[in-house]
Protein chains: 2
Amino acid sequence: MPDSSQKTTPDLPLFRQIVEHIRSQINDGRLNAHSALPSERALAEDHGVSRMTARRALEAIEAEGLAYSEERRGRFVSPRRLTYNVNSMSNFVADAKQQNIDVEVELIESKEVTADTRLAELLTIVEGASIIERTRLFHSNDHTIFFETEFIAPDLCPDLRKHGSDELLTERYGTLGHTADIVVRMGSIKPTDAARLNVTPWQVGIEQEQIVKDRSGKAFCFVRQIWRGELVQFSTQAIENRES
Amino acid sequence: MPDSSQKTTPDLPLFRQIVEHIRSQINDGRLNAHSALPSERALAEDHGVSRMTARRALEAIEAEGLAYSEERRGRFVSPRRLTYNVNSMSNFVADAKQQNIDVEVELIESKEVTADTRLAELLTIVEGASIIERTRLFHSNDHTIFFETEFIAPDLCPDLRKHGSDELLTERYGTLGHTADIVVRMGSIKPTDAARLNVTPWQVGIEQEQIVKDRSGKAFCFVRQIWRGELVQFSTQAIENRES
DNA sequence: ACAAAAATCTGGTATATACCAGTAATTTGC
DNA sequence: GCAAATTACTGGTATATACCAGATTTTTGT
């Protein structure tokens, strides 16, 4: 005779039941953002299951974006998503401030490289031309939420070298761009990128590519962003089709 | 002394090596879109590893979007991504045709429901008001790539009842909408939704929400789409900030 | 020829165990 | 008191095994 005193959801796999248990703790606020989840071994003990089963539960929670893991440190509750309006060219940092989210920018790399075939085509410059490559990390609450690598053709943007200020180096190109063609897709985060975001390699994230154009419609900058997908959502606006 | 005859990438976990092996087969075209990957047991045999290790490899391939699985049938190679331009209100199906992708629409549910709190707020109608709810599947090559559930307030859209044609029921609202506020986010696919897409529950996908407005700026339709994230990318355009 | 039954194959779940390499807390030696 | 060494703990990888239930294929009986 089955025990009806315990109200277990019927037909739900063990590890799913554990997921639901933890999910409710997160939703109730018993587990706050960035606080540690129980370890695999502790969770196994608590629920009387094997470590592998507990691990499957925690991996599922991660996959859902409810938590993130830091290798050999533990798993932690994800903070709430921030919204990124891709429709305006406004500074992302300023945008975040309006949402009362504190974002810090850290320039981690800045070098001059030569354009490969793809970049040359995108920016309509000759292959092998000089390109400024800059990589910035974007933090919120001491956690990296995404990074971007931008490639700017200096010839196409003469103001750039003059404004060698810290501000321009760390902040976005801002007012320089007029329009940008953007592509957003889901994809797994490769080890190099994962290290920058301090997340587990190969977990799913969001990749964004921008081709920034000046007032004349000429592309002068290519940006590639890698986001921790569970921490962001993108907003945009569709407008009625103009005549074909 | 280590064996240098076999060129294994150093320090790469076993299951990652298997992933790379299969990845190369997919990229080379030895494995075509929708063709079956080796089963967990067969892969384990081939590489001389345990089934669990082979399984981890296949799960990783799935997580990367290189393949999808159908429960108790097998795993299959994902087709190439299609691009969805969220910036225009044009008919998605027509959009796909321009990319030479054949998309079929299947209306699977159509009913009249009452507005809950959230819907009432979004469409600025009273709670409990009548709402038309319709769910459509979008197929390409006999595979479901996404589905949408739309909620239309009939009072706000008097033309709707008249146009009870098959076309309007299966195709998009099309020219009715003027603008739409769109949000795109990553998230795990819940069992109900997974069943519609014929994918494994809880795998990561893309959720899109649209608030469709008419020429006067009044919201009259709410759309929720669930996408198989590995099969799509979203394109949009950013435009220079207008004066604040 | 054809339908029903059986066997096989598939992915999904679950356990128990083992070892590794970093992280973090504790203990030790001075 | 404090730095260094030790220990405990963490997630990551890997194996071997077992059973389930649906999907598919093969065999069987008529």
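Just so it is clear: chains get the letters A, B, ... in the order the sequence lines come, proteins before strands, and each one is counted from 1. In what follows, every heavy atom counts, from backbone to side chain, and hydrogens, waters and symmetry copies are set aside.
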Q) Rounded to whole angstrom units, what separation is found between the OH atom of B:Y68 and the C1' atom of C:dG12? A) 19 Å

(Q) Could you tell me if A:R228 sits above the aromatic ring of A:F146, with its cationic atom closer than 6.0 Å to the ring centre and no more than 45 degrees from the axis? (A) no

Q | Separation of atom CD in A:E45 from atom P in D:dC9, rounded to whole Å | A | 11 Å

Q) Just how far, in rounded Å, is P of D:dG12 from CD of A:E40? A) 6 Å

Q: Would you state whether a donor and an acceptor, one from the side chain of B:R73 and one from the base of D:dA23, lie under 3.5 Å apart?
A: no

(Q) C:dG11, OP1 or OP2 - any side-chain N/O from B:S69 closer than 4.0 Å? (A) no

Q. Can you tell me how far P of C:dG12 sits from CZ of B:R41, to the nearest Å?
A. 11 Å

Q.
Distance check needed: D:dT24 C1' versus B:F76 CZ, whole Å only.
A. 11 Å

Q: Report the residue (A:L14 or B:G74) whose heavy-atom-nearest nucleotide on DNA chain C is the more 5′ of the two.
A: B:G74

Q | Considering all heavy atoms, the nearest B:A115-B:I131 contact | A | CB-CG1, 3.7 Å

**Q.** Lys/Arg N to Asp/Glu carboxylate O, A:E70 vs A:R75, below 4.0 Å
**A.** no

Q) For C:dT15, does OP1 or OP2 lie under 4.0 Å from any side-chain N or O of A:T53? A) yes

Q. To the side chain of B:S50, which of C:dT10, C:dT15, D:dA16 is closest?
A. D:dA16

**Q.** Nearest listed nucleotide, side chain of A:R51, among D:dA16, D:dG12, C:dT15
**A.** D:dG12

Q. Is A:E59 paired with A:R56 through a side-chain N to carboxylate O contact shorter than 4.0 Å?
A. no

Q. Hey, which of A:F138, A:F234, A:F147 is the one that makes side-chain contact (heavy atoms from CB on, under 4.5 Å) with A:W227?
A. A:F234

Q | Polar side-chain contact A:R72-D:dG12 base: donor and acceptor under 3.5 Å | A | no

Q: Measure from the side-chain heavy atoms of A:M52 and tell me the nearest of D:dT13, D:dA16, C:dG11.
A: D:dT13

Q. Whole-Å distance between C:dG11 P and B:I61 CD1?
A. 12 Å

Q.
Just the rounded figure in Å: distance from C1' of C:dT10 to CG of B:L43.
A. 14 Å

Q | Candidate nucleotides D:dA14, C:dA14, D:dG11, ranked by approach to the side chain of A:F15 - the nearest | A | C:dA14

Q) Does the D:dG12 base have a donor-acceptor partner in the side chain of B:R16 within less than 3.5 Å? A) no

Q) Is there a donor on the side chain of B:R56 or the base of D:dG12 sitting less than 3.5 Å from an acceptor on the other? A) no

Q.
So B:R75, base contact, sugar-phosphate only, or nothing? Heavy-atom distance under 4.0 Å.
A. sugar-phosphate

Q. Within this structure, what is the CD-to-C1' distance between A:E59 and C:dT13, rounded to whole angstrom?
A. 14 Å

